[in-house]
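Just so you know, these numbers use all the heavy atoms, side chains as well, and skip hydrogens, waters and symmetry mates.
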Amino acid sequence: MSSTKFKSGFTLVEALVALSILIVGIISGFILVTRALYDVAIIQDRLTASFLAQEGLEIVRQIRDTNYLNKLNGSNANWDKDLSNGDHLVSYDLSSGKFKLLDY
């Protein structure tokens, strides 16, 4: 009779251990998904910032290259015209396809 009590108690302990392992696995899965969703927003903001910075560099290169080509064509302007030190805003005219730097 004592061996029957031991077997039924042992299966209850097994069930509790299995249930606790399952709960730990499910909770860690939820934590992983929550963290991934949080990181997606941060990664999206960083990617947008990277694209905007790249676009700013391309605008500056376009202005520099245009100035250089104008100088080669006989213009009196320097290659760094409109590229003085400081912060600037860029205005883009869609109809003419030209950029203009505005003082910030």
So how far is it from Ile21 CD1 to Leu16 CG, rounded to the nearest 0.5 Å? 11.5 Å

Nearest 0.5 angstrom please: Leu52 CG to Leu47 CG, how far? 9.5 Å

Establish whether Leu32 and Ile23 are linked, either directly or via other cluster members, by ILVMFWY side-chain heavy-atom contacts under 4.5 Å. no

Return the CG to CD distance between Leu19 and Glu14, rounded to the nearest 0.5 Å. 13.5 Å

Heavy atoms of other groups near Asn76 CG, more than 12 under 6.0 Å: no

Does one hydrophobic cluster hold both Ile43 and Phe51, with members joined at side-chain heavy-atom distances below 4.5 Å? no

Answer with yes or no whether the hydrophobic clustering places Val13 together with Leu22; edges join I, L, V, M, F, W, Y residues whose side-chain heavy atoms lie under 4.5 Å apart. no

Can you tell me how far the CG atom of Leu69 sits from the OG atom of Ser75, to the nearest 0.5 Å? 11.0 Å

Results of salt bridge (charged side-chain N to carboxylate O under 4.0 Å, His left out) for Asp39 - residues two or more places apart only: Arg35

Gln44 backbone acceptor or donor facing Thr48 side chain under 3.5 Å: yes

Fellow cluster residues of Leu57, listed by chain then number, with links counted only when side-chain atoms sit under 4.5 Å apart: none

Working to the nearest 0.5 Å, report the span between CD1 of Ile42 and CG of Leu37. 12.0 Å

Could you tell me whether the side chains of Thr66 and Gln62 share a donor-acceptor contact shorter than 3.5 Å? yes

